[in-house]
Number of protein chains: 2
Amino acid sequence: MGLSRRELMRSAGVLAAATGFGGLALSIGATAGAQTAEKQAVPDLPWPYKKIDPLVVAEAAYAGYYKGACCYGVFEGIVGQLKKEIGAPYTLFPSTLLVVGQGGVADTASLCGCLNGAASAIFLVTGAMESKKRELPYTIIQEVFNWYEQTELPDYRPKTPKFDIVKSVSRSTLCHVSVTKWCKVAGFKAFSKERSERCAWLTASVAKYTAELLNSHADGAFKMAHPLTAATKTCRTCHDKGSKREDTRAMQDCGGCHFTPKAKTAHPKL
Amino acid sequence: MGLSRRELMRSAGVLAAATGFGGLALSIGATAGAQTAEKQAVPDLPWPYKKIDPLVVAEAAYAGYYKGACCYGVFEGIVGQLKKEIGAPYTLFPSTLLVVGQGGVADTASLCGCLNGAASAIFLVTGAMESKKRELPYTIIQEVFNWYEQTELPDYRPKTPKFDIVKSVSRSTLCHVSVTKWCKVAGFKAFSKERSERCAWLTASVAKYTAELLNSHADGAFKMAHPLTAATKTCRTCHDKGSKREDTRAMQDCGGCHFTPKAKTAHPKL
């Protein structure tokens with residue numbers, strides 16, 4: 001096949017770069033054969049992180065929305081920068097997989113794709129299998145989710161937008177709730193080009209905020225800025241872990257969906 | 001570093017296996033250097049599929065739940081079998097990433113992790129970037145979601161369960177709704193060991209059904225068996241795409257959350 005020793009060393013070097021431990025990968029190649037090296041080729045989580053420019057991330061996420069929708073836009077907005085800055089193992093990740101989060105997963109309008117994409121990006125660079133090591137990544141993700149529920153969004157205006165977009169507050173992490181709340185404020189339909197552009201701005205906004213949190217975490221300075229609301233904490237005293245009823249589990253704004261004016265009468269007086 | 005030509009060939013062969021085109025990977029190594037080879041090392045979606053045993057998948061998913069929770073359990077229950085059957089590129093995927101779907105993503109109790117994991121597994125083996133090629137994968141995912149909403153679950157009993165588990169119908173794709181509905185039927189608390197075992201059975205059930213659908217798709221025989229309910233279709237005539245109001249978007253059972261007895265009076269007579 002005409003491969004020189006030097007060229008083969010270069011090919012093997014791809015694996016070395018992927019593990020992040022060149023010597024290890026090469027020694028595996030030398031001692032245990034290809035199968036073991038293959039298992040080692042992609043390191044386990046967390047993957048290495050280098051601070052990235054949130055504004056560059058936001059623009060990349062906006063463009064990503066129009067290529068692969070909301071979830072892909074947020075994820076690739078962040079991971080695309082890490083690919084450029086760090087290379088492997090990011091270059092070995094099939095980011096197209098994140099397209100599936102589109103429109104609340106496969107267009108079912110469940111969990112907002114921006115949030116699903118943010119959660120994956122955060123866990124990729126901070127997560128691990130051990131239970132204890134999941135706690136901090138989950139707190140960072142919960143911060144993004146709570147910020148999304150409580151903030152007037154989108155709060156990032158792309159450099160060359162298709163339309164101007166008004167803001168709304170979702171009070172929910174769900175795609176269809178977030179869309180409906182915005183439609184009411186904006187006066188556009190749920191499948192309009194304007195709504196699509198709103199979700200592109202939202203993709204940029206969520207990616208930017210996520211990058212800011214990851215940078216802050218890299219500096220050892222991450223703190224939760226958006227805890228659950230006081231009203232939700234009241235709900236949890238009767239319904240969440242350790243409570244008398246303990247009949248549900250959630251880290252979300254209960255009032256965003258429950259206790260609409262007509263339903264309020266169904267609940268005992270608080 | 002004492003690597004023989006033969007050992008280097010073996011290392012380069014890992015890349016060849018990863019692309020699925022041995023000759024191509026080697027010729028890239030020879031002509032364009034490591035950087036191009038690295039980009040080619042993991043193929044884009046869809047990844048190759050080979051029919052897998054749904055019962056083996058179910059048991060693996062049950063065990064996976066107790067290792068990495070619900071989302072990881074379903075995903076790795078399926079992808080773990082494909083790793084064994086096919087090898088690369090599956091062996092290059094960092095499945096630990098799927099842990100993040102735990103408890104409705106990072107324990108926020110939004111989208112059920114079993115469903116998030118199933119969606120990713122389905123898209124990995126059937127999905128693509130092009131919009132047209134997303135339609136069939138999304139239909140398969142919607143089938144799993146609708147089945148989950150409409151069916152008494154869990155419907156798979158692991159070979160060596162910790163407890164026996166009663167069934168419930170969620171009428172929702174959300175973690176906290178699904179958990180609360182089961183708690184009501186079973187009489188156990190939301191953070192009890194029994195509820196955890198119920199989610200392990202559910203992980204096995206969703207993984208098994210997903211594997212059955214993927215096998216059916218591999219045979220060219222996939223058909224949607226659980227369309228949206230007639231009641232939901234009625235909702236959509238006024239609220240979904242192309243309707244007069246068009247003020248939301250969703251492929252879910254509306255009545256699972258909306259129109260509780262007390263709230264029903266707020267809606268115009270249908």
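Both backbone and side-chain heavy atoms feed into the values below; hydrogens, waters and symmetry mates do not. Throughout, protein chains are lettered first and strands after them, A, B, ... in sequence-line order, and every chain is numbered starting at 1.
By number of non-hydrogen pairs under 4.5 angstrom with chain B, the leading residue of T139(A), T173(A), V105(A) is V105(A). Contact count against chain B (heavy-atom pairs under 4.5 Å) is highest for D107(A) among L124(A), N116(A), D107(A). Taking S120(B), G103(B), G127(B), G104(B) one by one and counting their heavy-atom pairs under 4.5 Å with chain A, the maximum is reached by S120(B). Options L111(A), T180(A), V100(A) differ in how many heavy-atom pairs under 4.5 Å they form with chain B, and the most are formed by V100(A). Taking H239(B), K67(B), E130(B), R195(B) one by one and counting their heavy-atom pairs under 4.5 Å with chain A, the maximum is reached by K67(B). Between chain B and the residues Q142(A), K83(A), Q102(A), the largest count of heavy-atom pairs under 4.5 Å involves Q102(A). By number of non-hydrogen pairs under 4.5 angstrom with chain B, the leading residue of H176(A), E135(A), K189(A) is K189(A). Contact count versus chain A (heavy atoms, under 4.5 Å) is highest, among L98(B), D44(B), T108(B), L115(B), for T108(B).
Only the backbone of R245(B) comes within contact range of chain A, with at least one heavy atom under 4.5 Å from a heavy atom of that chain. Proximity to chain A (any heavy atom under 4.5 Å) is shown, for N146(B), by neither the backbone nor the side chain. The part of S243(B) that comes within reach of chain A is its backbone (N, CA, C, O), which places non-hydrogen atoms under 4.5 angstrom from that chain. If you measure heavy-atom distances from W47(B) to chain A, the contacts under 4.5 Å come from the side chain alone. Of the two parts of F145(B), only the side chain, counted from C-beta on, holds a non-hydrogen atom closer than 4.5 Å to a non-hydrogen atom of chain A. Only the side chain of R134(B) comes within less than 4.5 Å of a heavy atom of chain A; its backbone N, CA, C and O stay farther away. Proximity to chain A is limited to the side chain of L174(B), based on heavy atoms less than 4.5 angstrom apart. Neither the backbone nor the side chain of S95(B) comes within less than 4.5 Å of any heavy atom in chain A. When heavy atoms are compared at a cutoff of 4.5 Å, S172(A) does not approach chain B at all.
Of all non-hydrogen atoms in Y72(B) and G64(B), the two that sit nearest each other are CD2-O, 3.6 Å. Between V144(A) and A118(A), the closest heavy-atom pair is CG1-CB, 4.3 Å. Of all heavy-atom pairs between T96(A) and M129(B), the closest is CG2-N, 3.7 Å. I122(A) and P137(A) get closest at one heavy-atom pair: CG2-O, 3.9 Å. Nearest heavy atom pair, residue G117(A) against residue V74(A), reads C-CG1, 4.0 Å.
For K181(B), there are no salt bridge (Lys or Arg N to Asp or Glu O under 4.0 Å) partners two or more places apart in sequence or in a different chain. For K184(B), there are no side-chain contact (heavy atoms from CB on, under 4.5 Å) partners at least two apart in sequence or on another chain.
There is no side-chain donor-acceptor pair under 3.5 Å between R198(A) and S192(A). Counted by atom type alone, S196(A) and Y65(A) present one or more donor-acceptor pairs between their side chains at under 3.5 Å.
Aromatic ring centres of F93(A) and F93(B): separated by under 6.0 Å.
When side chains are defined from C-beta on, C235(A) does not count as touching Q252(A), because their heavy atoms never get closer than 4.5 Å.
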